[in-house]
Amino acid sequence: MCWRRLDDGARHAEVGKPMEVVRVRFAPSPTGYLHVGGARTALYNWLFARHHRGVFILRIEDTDVDRSKPELTTAILDSMTWLGLNWDEGPFYQSQRLERYRQMAAELERLGHAYPCFCSPEELQAKRAQAEAQKRPWKYDGACRNLTEAERARRRAEGRPHAIRFRVPESGQTSFEDRVFGLLEVEHRDLEDFVLLRSDGHPTYHLGVVADDLDMRVTHVIRGADHISNTPKQLLMYRALGAPEPVFAHLPLILGPDKQRLSKRHGATSVGAYRDQGTLPEALVNFLALLGWTPPAGKEILPLEEMIQAFELETVSKSNAVFDVEKLAWMNSEYLRSLPVERLLPLVEEELEKAGIGSWVSGVGNRQPAVLNRQSTEGLKHTVRLLQTRARTLKDFPGAFRAFFTDEFEYDPEAQKKFWKDAQLPELLETLSGRLARVEPFTLAATEQCLRGLAEEKNVKAGLLINATRVALTGQAVAPGLFEVMVELGRERVVARLHRAAEFLRARLAGRAGATP
RNA sequence: GGCGCUAUCGUCUAGGGGUUAGGACGUCAGAUUCUCAAUCUGAAAACCCGGGUUCGAUUCCCGGUAGCGCUACCA
């Protein structure tokens with residue numbers, strides 16, 4: 001088997017330097033949803049692969065039978081796809097390669113680098129607990145390390161279950177050059193004889209990764225810094241097998257605001273949760289990319305192409321980074337604002353549908369939105385364009401902007417408090433409603449003239465009327481320019497809503513008067 | 001506890017033996033105005049501590065401290 005493909009001369013593009021196809025992998029375990037930390041690891045792998053025109057492999061590490069769930073694999077794949085992190089090979093499942101791991105364990109045993117261990121988990125746990133109680137450092141004591149062949153045979157004959165452990169040399173050290181962290185080194189005496197194969201025949205992580213990375217001809221292992229201390233163990237395995245070693249690059253961890261490892265306690269941690277909150281995938285990708293890496297030019301909003309072009313492992317930061325939700329929110333609004341309407345529209349439609357606002361009337365062949373007015377797609381596009389600059393997330397459309405899509409909306413209490421204080425309002429709004437009914441044509445200039453005229457006549461500030469009208473039309477204190485809103489909604493709706501607001505206000509006054517003796 | 005890694009504004013970071021230590025998010029103030037967002041202007045805000053090397057360290061070295069990681073028949 002050839003580990004690295006160095007086929008023909010065509011690959012020797014650079015003089016004296018054989019060009020090797022870069023092969024990287026992302027290897028999540030289906031014991032949870034895709035965490036943003038995992039997503040960033042996946043992203044960096046993906047960027048590295050694309051930068052080098054290499055291969056990005058997806059592998060599911062489901063060797064922990066108790067904790068792995070197939071649904072989670074699906075969820076992870078969905079999140080990857082949503083983020084746009086397409087893979088070239090896989091997904092491969094470790095659970096389908098068990099035979100291969102047993103083979104490799106046997107091979108290591110044959111070479112004298114591994115041995116069967118008959119200690120039961122209970123025994124080990126007891127020993128560990130005891131050591132801990134006496135505050136002695138614990139490390140596997142090697143009880144089975146030097147059993148004679150006869151002793152092993154006897155235990156096997158007794159039918160005692162056994163695991164396979166790797167035989168770590170008792171002296172010396174293992175070092176490697178990490179592409180992010182530089183030279184890293186550990187003393188063998190600080191390592192224990194770790195388990196390769198569990199007594200149930202399932203591989204542990206160490207066996208699984210090494211076997212797979214070898215078989216899949218992975219050239220660069222890019223993963224979280226929590227694996228730094230595992231690397232020497234794996235290196236020991238490569239060396240024991242006489243196999244070529246991949247390059248290692250470890251990524252700093254992502255922390256919560258309290259500098260603790262990011263977890264559910266901090267709120268949303270999964271990619272899916274951000275999608276559900278109305279985050280755009282390109283915003284999340286951009287944000288994640290900048291968490292631990294800065295492009296040479298220092299640009300913050302970075303198109304994917306530029307990211308691929310500029311990405312280098314060597315410029316990845318070594319220190320952990322706090323996940324700043326505020327900055328992500330800012331970035332999301334940046335992306336939302338600059339997204340072409342053609343792309344934004346379907347996303348908005350989806351949100352409206354989810355919120356039960358746009359029930360879709362399926363026509364012949366194409367779907368027609370049944371929102372406000374039975375707006376045409378063009379109309380909807382116009383509305384979306386109007387609201388786009390003010391949106392923070394996709395959820396704003398069915399949320400704060402609801403009144404643009406349906407007549408069923410409520411008056412925000414805060415908005416009422418702020419702009420519906422003046423006692424003359426019911427009358428003013430009613431009058432305005434009546435006048436707007438006759439304004440011709442119903443344009444930006446004409447509606448503005450009408451409103452300002454009324455304000456002057458009644459000797460009130462235009463702002464008072466404008467703000468009150470905004471609440472009447474949208475239920476919100478925040479919306480686009482009022483006259484744009486009017487034109488957008490159309491005369492009929494504006495007139496009706498003003499009338500409705502006037503009545504609402506009158507009722508509110510009456511209610512109050514009744515409540516106060 | 002043992003081993004390892006890391007350390008620049010609140011946060012993400014740039015920088016690097018001599019700098020007014022730069023940018024971004026956030027915060028505050030102002031401009032604009034019909035609200036908000038956007039935009040523009042401005043402000044406050046950082047080199048963990050102690051030694052050493054050096055004419056000079058935030059930068060290099062050592063120690064401390066803190067944080068994080070690993071310390072499983074989890075990954």
Side-chain angles (χ1 to χ4, degrees), chain A residues 27-32 61-64 66-68 94 117 119-121 124-125 128 131-132 135-140 161-165 178 181-182 184-187 189-192 194-206 208-209 223-233 250 252-253 255 257 259-261 287 290-294 296 298-301 317-331 333 337 387-392 400 415 418-419 448 451-452 461-471 474 476-483:
Chain A
S29 70
T31 53
E61 307 211 329
D62 54 353
T63 53
D64 184 340
D66 297 332
R67 299 197 304 147
S68 296
Q94 289 193 322
C117 170
C119 303
S120 73
L124 293 168
Q125 191 124 28
R128 192 177 307 124
E132 220 161 279
K135 296 221 279 219
R136 272 187 295 114
W138 161 260
K139 152 180 149 174
Y140 173 66
H162 67 274
I164 303 291
R165 285 184 186 266
D178 188 280
F181 286 89
L184 262 19
E185 184 176 67
V186 287
E187 297 289 334
R189 76 173 87 90
D190 293 324
L191 263 29
E192 67 172 4
F194 53 95
V195 171
L196 296 172
L197 203 62
R198 293 189 256 254
S199 43
D200 66 0
H202 282 271
T204 62
Y205 171 67
H206 299 294
V209 247
R223 61 193 351 177
D226 45 345
H227 289 295
I228 286 181
S229 356
N230 291 328
T231 309
K233 296 180 194 167
H250 289 92
L253 268 20
L255 311 177
K259 308 272 178 115
Q260 299 282 308
R261 200 171 177 168
F287 175 73
L290 261 40
L291 222 50
W293 174 70
T294 320
K299 260 174 78 174
E300 301 277 334
I301 302 288
S317 159
K318 289 196 272 244
S319 43
N320 295 344
V322 172
F323 191 91
D324 183 2
V325 207
E326 285 301 317
K327 187 158 184 177
L328 171 59
W330 164 77
M331 197 162 275
S333 64
R337 196 175 320 134
L387 299 169
Q388 196 175 3
T389 55
R390 267 158 254 259
R392 293 281 278 179
K418 199 169 170 193
F419 295 127
E448 177 156 12
L451 183 142
R452 289 191 189 274
K461 282 167 81 179
L464 173 81
L465 198 49
I466 288 174
N467 289 325
T469 303
R470 172 174 298 105
V471 181
T474 67
Q476 299 290 318
V478 177
L482 183 68
F483 305 104

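Residue numbers begin at 1 in each chain, while the letters A, B, ... track the order of the sequences. Atom set for the values below is all heavy atoms of this structure, side chains included, hydrogens, waters and symmetry mates excluded.
The cationic group of A:Arg470 does not satisfy the cation-pi geometry with A:Phe419, failing either the under 6.0 Å distance to the six-membered ring centre or the 45° limit from the ring axis.
Contacts of A:Trp293 with the nucleic acid, taken as non-hydrogen atoms under 4.0 Å apart, are absent. Heavy atoms of A:Lys135 sit nowhere under 4.0 angstrom from any nucleic acid atom. Across all strands, A:Cys117 comes closer than 4.0 Å to no nucleic acid atom at all (heavy-atom distances). Within 4.0 Å of A:Gly292, counting heavy atoms only, lie sugar-phosphate atoms of the nucleic acid but no base atom. Counting non-hydrogen atoms under 4.0 angstrom, A:Ile164 reaches nothing in the nucleic acid. Heavy atoms of A:Asn230 sit under 4.0 angstrom from at least one base atom. At the heavy-atom level, A:His250 lies nowhere under 4.0 Å from the strands shown.
Distances were taken from every side-chain heavy atom of A:Thr294 (C-beta onward) to each of B:C73, B:A14, B:C3; the shortest belongs to B:A14. In the set B:G1, B:U13, B:C73, the nucleotide with an atom closest to the side chain of A:Arg165 is B:C73. Comparing atom distances between the A:Glu192 side chain and each of B:U71, B:U13, B:A75 picks out B:U71 as nearest.
Here the separation of B:U6 from B:U59, taken at their P atoms, is 16 Å to the nearest Å. Between the P atoms of B:G42 and B:G67, the separation comes to 40 Å (whole Å). Separating the C1' atom of B:A43 from that of B:A75 is a span of 48 Å, rounded to the nearest Å. B:C3 sits 22 Å from B:C61 when the C1' atoms are compared, rounded to a whole Å. With both ends at atom C1', the span from B:U13 to B:G18 equals 24 Å, rounded to whole Å. Nucleotides B:C55 and B:G15 place their C1' atoms 23 Å apart, quoted to the nearest Å. Separating the P atom of B:C48 from that of B:A57 is a span of 16 Å, rounded to the nearest Å. If you take atom P in B:U41 and the same atom in B:U32, they sit 15 Å apart, rounded to whole Å.
Scanning all heavy atoms of the two residues, the minimum distance from A:Gly224 to A:His250 falls at O-CD2, 3.3 Å. Taking each heavy atom of A:Asn320 and A:Leu253 in turn, the nearest pair found is OD1-N, 2.9 Å. The minimum heavy-atom distance between A:Val322 and A:Pro257, with the atom names listed, is CG1-CA, 3.7 Å. In terms of heavy-atom proximity, A:Ser333 sits nearest to A:Ala391 at CB-O, 3.6 Å.
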Q.
Using side-chain contact (heavy atoms from CB on, under 4.5 Å), reason through A:Leu451 and A:Phe483 one step at a time and then give a plain yes or no.
A. CA-CA 10 Å; A:Leu451 183 142; A:Phe483 305 104; 4.0 Å; yes

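Rounded to an integer number of Å, the gap from A:Asn320 CG to B:C70 C1' is 13 Å. In this structure, the NZ atom of A:Lys318 is 15 Å from the C1' atom of B:G15, given to the nearest Å. Going from atom OH of A:Tyr205 over to atom C1' of B:C70 covers 12 Å, rounded to whole Å. Between the C1' atom of B:C12 and the CD1 atom of A:Ile301 lies a distance of 13 Å, rounded to the nearest Å. Going from atom CZ of A:Arg67 over to atom C1' of B:A72 covers 10 Å, rounded to whole Å. One interatomic measurement links the two molecules: NZ of A:Lys233 to P of B:A75, which rounds to 12 Å at whole-angstrom precision. Atom pair A:Gln260:CD and B:U11:P shows a separation of 14 Å (rounding to whole Å applied). Following rounding to the nearest Å, A:Leu291 (CG) and B:U11 (C1') show an atom-to-atom distance of 10 Å.
In this structure, B:G18 forms a base pair with B:C55, meeting either the Watson-Crick or the G-U wobble geometry with both donor-acceptor distances under 3.5 Å. Pairing for B:C25 goes to B:G10, judged as Watson-Crick or G-U wobble with the two contacts each under 3.5 Å. In this entry B:U32 has no Watson-Crick or G-U wobble partner, no candidate having both defining distances under 3.5 Å. Remark: B:A44 base-pairs with no nucleotide; criterion is Watson-Crick or G-U wobble with both hydrogen-bond distances under 3.5 Å. Base pairing of B:C70: its partner is B:G2, meeting the Watson-Crick or G-U wobble criterion (both donor-acceptor distances under 3.5 Å). Pair assignment for B:G50 gives B:C62, based on Watson-Crick or G-U wobble hydrogen-bonding distances that are each under 3.5 Å.
Each of A:Ile228 and A:Ala163 lies near RNA chain B, and the nucleotide nearest A:Ile228 is the one positioned closer to the 5' end. Nearest-nucleotide positions on RNA chain B for A:Lys139 and A:Glu187 put A:Glu187 closer to the 5' end.
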Q: Treat primed atoms plus P, OP1 and OP2 as sugar-phosphate and everything else as base, then score nucleotides 23-39 of chain B 5' to 3': B for base contact with protein heavy atoms under 4.0 Å, S for sugar-phosphate contact only, - for none.
A: BBB--------BBBSS-

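Side-chain atoms of A:Ser199 and base atoms of B:C73 include a donor and an acceptor less than 3.5 Å apart.
Listed by chain and number, the residues in a salt bridge (Lys or Arg N to Asp or Glu O under 4.0 Å) with A:Arg128 amount to none (sequence neighbours excluded).
For the side chain to side chain donor-acceptor pair (under 3.5 Å) with A:Tyr205, the lone residue among A:Glu61, A:Gln94, A:His227 that qualifies is A:His227. When A:Glu448, A:Lys461, A:Arg452 are each tested for a side-chain contact (heavy atoms from CB on, under 4.5 Å) with A:Ile466, only one passes: A:Arg452.
Aromatic ring centres of A:Phe287 and A:Phe323 lie closer together than 6.0 Å.
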